[in-house]
Amino acid sequence: RRGWLLLLFNSLGKWAMIEVIFLMIFIVVYSLSIASPEEGFYNLRVIIYPQWGLYANICAQVLSQLGSHLIISCHRRLVSCATAEQERFERKFVTRPANLPVTA
């Protein structure tokens, strides 16, 4: 029952990386420089420098996605083991009479 919820969170978590991608694009592209027509009157230069918040965000998102993959892997392994155990239990303890006639 929890499998669909785990897969939903996993697919939504991948969209969180778009924020990091846009920030990286802005760092590369957004270097604004405005200068006056007359030399030395005014000069404005805007540069984005990545700080520790960006790096912490990237690390948190990567760790979150790795954890999500690990949890989904463990869930799938648990479901397959439980299904195999259920089938073994049914084969062992659910007996079908062999000498009864088959009716349609």
Side-chain angles (χ1 to χ4, degrees):
R1 284 183 258 173
R2 68 179 169 250
W4 70 271
L5 191 60
L6 290 173
L7 291 173
L8 175 70
F9 287 152
N10 186 34
S11 62
L12 289 177
K14 298 208 183 324
W15 285 99
M17 287 300 286
I18 288 180
E19 175 187 4
V20 173
I21 292 169
F22 277 121
L23 284 172
M24 292 297 187
I25 289 171
F26 286 147
I27 288 171
V28 171
V29 173
Y30 191 66
S31 178
L32 179 64
S33 183
I34 300 173
S36 67
E38 299 173 14
E39 188 64 36
F41 184 63
Y42 63 87
N43 191 9
L44 176 69
R45 189 166 186 201
V46 178
I47 300 174
I48 298 175
Y49 292 107
Q51 299 281 322
W52 66 270
L54 175 68
Y55 300 127
N57 189 0
I58 291 171
C59 290
Q61 288 182 8
V62 169
L63 288 175
S64 173
Q65 288 185 13
L66 289 174
S68 176
H69 286 299
L70 178 68
I71 289 170
I72 289 175
S73 172
C74 290
H75 171 73
R76 287 180 178 156
R77 193 173 326 133
L78 267 170
V79 168
S80 68
C81 288
T83 305
E85 185 68 28
Q86 180 70 27
E87 289 173 357
R88 280 196 298 272
F89 176 80
E90 288 174 356
R91 278 194 304 249
K92 186 174 184 181
F93 292 110
V94 177
T95 57
R96 294 176 185 90
N99 54 359
L100 288 179
V102 177
T103 58

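Computed from a prediction, not measured in an experiment: that's the story for all the values here. Counting from 1, the numbers follow the sequence of the chain as shown.
In this structure, CD on Glu90 lies 4.5 Å from CD on Gln86, to the nearest 0.5 angstrom. The CG atom of Leu70 sits 12.0 Å away from atom CG of Leu63, with the distance rounded to the nearest 0.5 Å. Atom-to-atom distance recorded for Arg76:CZ and Leu6:CG is 9.5 Å, nearest 0.5 angstrom. Note that CG of Leu7 and OG of Ser68 are 8.5 Å apart. Values are rounded to the nearest 0.5 Å. Thr83 OG1 to Arg88 CZ: the interatomic distance, rounded to the nearest 0.5 Å, is 10.5 Å.
Every residue two or more places apart in sequence or in another chain was checked for a side-chain contact (heavy atoms from CB on, under 4.5 Å) with Ser80, and none qualifies.
A donor-acceptor contact shorter than 3.5 Å is absent between the side chain of Ser64 and the backbone of Ala60.
Residues Phe41 and Val46 share a hydrophobic cluster, clusters being chains of Ile/Leu/Val/Met/Phe/Trp/Tyr side chains in contact below 4.5 Å. Cluster annotation: Leu66 and Ile71 are assigned to distinct hydrophobic clusters (Ile/Leu/Val/Met/Phe/Trp/Tyr, side-chain heavy-atom contacts under 4.5 Å, transitive).
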